[in-house]
Amino acid sequence: NAGVTQTPKFRVLKTGQSMTLLCAQDMNHEYMYWYRQDPGMGLRLIHYSVGEGTTAKGEVPDGYNVSRLKKQNFLLGLESAAPSQTSVYFCASSYRTSGRTGELFFGEGSRLTVL
Amino acid sequence: AQSVAQPEDQVNVAEGNPLTVKCTYSVSGNPYLFWYVQYPNRGLQFLLKYITGDNLVKGSYGFEAEFNKSQTSFHLKKPSALVSDSALYFCAEVQTQGVDSNYQLIWGAGTKLIIKP
């Protein structure tokens, strides 16, 4: 049971470099989310998607782009990385009916360091 | 704006003692409330939820949470702590944005629970 898989798990970038984080889920979930986790700040929503081909901005979308070309995949891109984007990134997914019930399934996280 | 507060950064409990991790929420009306747990270097896992009904909600790993509308609280509890309960605990609340498909969660900052043998 793979669940939600994130790649890569660790990455070090230099300021200005670009990269893409991949999230894949095998539970046929409609909704997918990208969060960042910073000490003392809980989770903050970056972008989310309610279905294939649709994305929307969350609380902290600046500096990030996303795409959901396939239902099972949700990509998070950083076009020009900045030190402020050093964080742990979590992908999550849920059934549409779970949107109100809050039962999300999380990946194990991707730790990104921007120098 | 909606907010979720976890007033304690860290809670220390001796193994075998009862534990409480506090959470307060801000929305009026009927909130949807949740607890998640994060073990070191892992993603978050759903523990339990309150949607409606009984104010005492039971969840995974022997945890329960008590919903108190008058105090706008949703404290997580366990009668007898285990060392393996040591983790980061997050309280969350659903934020409604007016569109059925776009409910999102508002997260507390997290509370580190340390259970000492």
Side-chain angles (χ1 to χ4, degrees), chain A residues 1-7 9-10 21 23-25 27 29-52 54-61 88-111, chain B residues 1-10 21 23 25 27 29-53 57 59-60 65 74 87-112:
Chain A
N1 296 330
V4 179
T5 304
Q6 294 181 227
T7 54
K9 288 185 169 45
F10 302 94
L21 297 176
C23 176
Q25 53 95 3
M27 297 171 281
H29 286 166
E30 293 89 354
Y31 290 10
M32 296 187 75
Y33 315 80
W34 275 108
Y35 287 94
R36 59 177 291 173
Q37 182 182 29
D38 301 292
M41 300 187 73
L43 292 175
R44 291 183 291 170
L45 184 65
I46 305 171
H47 286 278
Y48 65 99
S49 168
V50 299
E52 182 178 324
T54 69
T55 63
K57 295 180 180 180
E59 180 186 357
V60 289
V88 181
Y89 292 86
F90 285 97
C91 177
S93 68
S94 72
Y95 290 111
R96 182 183 186 281
T97 52
S98 307
R100 178 178 274 275
T101 62
E103 293 181 52
L104 306 183
F105 292 79
F106 283 83
E108 296 201 342
S110 298
R111 185 176 295 275
Chain B
Q2 281 181 258
S3 64
V4 173
Q6 294 181 242
E8 302 154 317
D9 292 336
Q10 183 170 308
V21 182
C23 172
Y25 64 92
V27 76
N30 299 314
Y32 288 12
L33 299 163
F34 312 89
W35 278 101
Y36 279 77
V37 59
Q38 184 181 27
Y39 297 104
N41 301 313
R42 303 296 299 272
L44 281 73
Q45 298 177 33
F46 173 83
L47 263 185
L48 52 80
K49 67 183 179 186
Y50 173 82
I51 303 297
T52 187
V57 178
S60 307
F74 189 55
L88 191 57
Y89 290 80
F90 289 95
C91 183
E93 178 183 19
V94 168
Q95 176 184 28
T96 59
Q97 296 205 352
V99 178
D100 182 64
S101 63
N102 290 340
Y103 294 106
Q104 300 175 26
L105 293 179
I106 305 298
W107 296 87
T111 298
K112 186 175 184 179

Identify the heavy atoms of [X] and [Y] that sit nearest to each other, and give their distance.
| X | Y | result |
| --- | --- | --- |
| A/Leu104 | B/Trp107 | CD1-CZ2, 4.3 Å |
| A/Phe90 | B/Gln38 | CZ-NE2, 3.1 Å |
| A/Gly40 | B/Ala109 | O-CB, 3.4 Å |
| A/Tyr35 | B/Leu105 | OH-CB, 4.2 Å |

*With A/Glu108, which residues qualify under side-chain contact (heavy atoms from CB on, under 4.5 Å), at least two apart?*
A/Lys9, B/Arg42
_CZ (A/Arg111) with more than 12 external heavy atoms under 6.0 Å_ =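 Atom CZ in A/Arg111 is not crowded, with 12 or fewer foreign heavy atoms closer than 6.0 Å.
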*Check each atom of A/Leu43 against the heavy atoms of chain B and say whether the ones under 4.5 Å are side chain, backbone, both or neither.*
both
*In terms of heavy-atom proximity below 4.5 Å to chain B, should A/Glu59 be classed as side chain, backbone, both, or neither?*
neither
*Working to the nearest 0.5 Å, report the span between CZ of A/Phe105 and CZ of B/Phe46.*
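Here the rounded value is 9.0 Å.
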*Reported CG-to-CD distance for the pair B/Leu48 and A/Glu103, which is rounded to 0.5 angstrom*: 10.5 Å
*Contact class of B/Leu88 relative to chain A, heavy atoms under 4.5 angstrom*: side chain
